[in-house]
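Scroll down for the structure; my scribbles are underneath it.
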Amino acid sequence: MGIRRVQKIVFFFSLFVFAINSSLFAQNAKIKININRTIGHISQNLYGNFAEHLGRCIYGGIYDPGSPLSDKDGYRKDVKKAVKNLHVSILRYPGGNFASNYHWKDGIGPKDQRPARLNLAWGNLDSNHFGTDEFIKYAREIGAKPYLTVNMGTGTMREAQEWVEYCNSKPGPYYANLRKKYGHPKPYNVKYWSLGNEMDGPWQIGHLNAEDYSKKAHHFAHIMKLTDPSIKLIGDGAANFRPGATPYKWDHTVLQNLKNDIDYLSMHMYVGNVDSSYYDFMATPLAMVKRTKVVKGMIKEAMQTADRGNRGPIHIAWDEYNVWYRARGGSKMVGNHALEEHYNLEDALVIAGFLNGFVRNADIVKMANLAQLVNVIAPIFTSKTDMYKQTIYYPLQLFAEHVKGTSLNVAVQSGTYNTDKFKLGLGERSAKFKNVPYLDVSASYSKKNGQVVINVVNRNKDKAITTDILSQNNKFDGPFKVYQVDGPNVRAKNDFHHTPVKTQQKSDIQANGSKMTYTFPPHSFTMLIGKISTK
Ligand code: AHR
């Protein structure tokens, strides 16, 4: 063989290898939908959020009296518009860590008589000008259910009882009369109440061990339920996932001890790309799913011996989750600009991964609250004169608006990858995952209108994935709308004048009977919305 021929063969072989390893050749995958293969009802409470007295979440975010951008009540109008568009279903307040030293009576009545207090959790001063009445009004205006966390640090069960009375009792008793006196004769009917916040964490004011927490929470639950038997109670699952902590032991003890008292077990998770490894970071939602499945088993065990009357089983509330690692630690944790995290595209894909995980576990996860709403690890970021939507806003918005009804158990065939051992987040434990699918998928089906929504994260950083989407029993009915969140690269960020990462509507896909094909671009989130015929 001549030298030129060998050179030619080597050249074409190298080109072939390059093409395989690059985006020149798209990967292939299959998604199979069957509207009879279901997981459970998707609670609208999966699209919750959280507003804490922390940094500029409330003061300078939600609430900025005196600003030309605010309405007569002091709520920022531009922020409220963006919040409404986010379809927040349930809003948690007033903390977080702040709750463990919050005395709710400081935040009611004439504003000029409310005492300013040190915010011991987050190192600044709280004027108390935003309190229960301002929160409830805001929640109503944005169309969210209010969710309150009682103080189990420096607070007493009597204070918790009086708060339930203030919010939920008809005029008659003292605190309900006080609510009436302050202009709110009708009960607020706050349904969701959390028994403390992260009470296992050594950082929490008044933190406890699992046995002591269970005893204290049982007494709080008792007196709160005597005041309003219709409330739903959320007990603390473990938040301390630091090396050396025993989170599953905490969860198990609390579930066994509070199995007749609580309706949800609260869980929290913050992840981050601490080792600057895109693929490891993309796998972090799998840690949430793993924890969900382990705790689901514990709940099943606890329910075997529970005596709950007709209250149904305990569910999981992921009432804090997000990406949080850059604005974390030391001076970034305190003061008026605490926890101001600026999000990029890869963060938005991780949030889409969390949402996919919640939907795929919709039988047990019945509440989820992104932490938090404005400025503080948040989808909305303000200045005194402007605001913008961070990257994570977009998947959240799409899910909350469209993913409803029943969660489908989707069959997915796609390429996979393995991670090394990596840190899930700052100060968190390490994890390692095998066979992480490049395509992360969930789907919902609404019987009411035959609508199917398919949610797909393409975790592949460089390659598009051409995918056959098959309906296994009924035919697709008409074209599918395509909404896509992507950007020029995985580190792309938005700011006040620049929005490289946002939702874009692409051309519809024409389905052909039971099959349609779509190519998911690299590092993207795509939502497909259409119908399946039931005829
Ligand atoms: O969301 C920020 C903080 O994170 C919350 O106050 C606390 O509950 C968690 O540790």
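Quick caveat, the model's predicted, so the values are computed rather than measured. Read the numbers this way: they start at 1 and go in the same order the structure lists the ligands and their atoms.
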Search all heavy atoms of Arg140 against all heavy atoms of Pro146 and return the closest pair with its distance. NH1-CD, 3.4 Å
Less than 3.5 Å apart, which donor and acceptor atoms pair up between the side chains of residues 130-137 and the rest of the protein, not counting sequence neighbours?
from   : atom 1 : to     : atom 2 : distance (Å)
Thr132 : OG1    : Trp163 : NE1    : 3.1
Asp133 : OD1    : Tyr166 : OH     : 3.1
Asp133 : OD1    : Tyr188 : OH     : 2.7
Asp133 : OD2    : Tyr166 : OH     : 2.9
Glu134 : OE1    : Arg114 : NH1    : 3.3
Glu134 : OE1    : Gly131 : N      : 2.8
Glu134 : OE2    : Arg114 : NH2    : 3.0
Lys137 : NZ     : Asp73  : OD2    : 2.7
Lys137 : NZ     : Glu141 : OE2    : 3.1

Is a side-chain donor-acceptor pair under 3.5 Å present for Ser169 with Asp228? no
Run through ligand 1 for me and note each protein residue having a heavy atom under 4.0 Å from it, chain first, then residue number. Phe50, Glu52, Gly96, Asn97, Trp122, Asn197, Glu198, Tyr270, Glu320, Trp324, Leu339, Gln372, Ile377
Taking the six-membered ring for Trp, are Tyr325 and Tyr270 ring centroids under 6.0 Å apart? no
Do the ring centers of Tyr147 and Phe50 come within less than 6.0 Å of each other? no
Using 30° and 60° as the class limits, which term best fits the ring planes of Phe98 and Tyr102: parallel, tilted or perpendicular? tilted
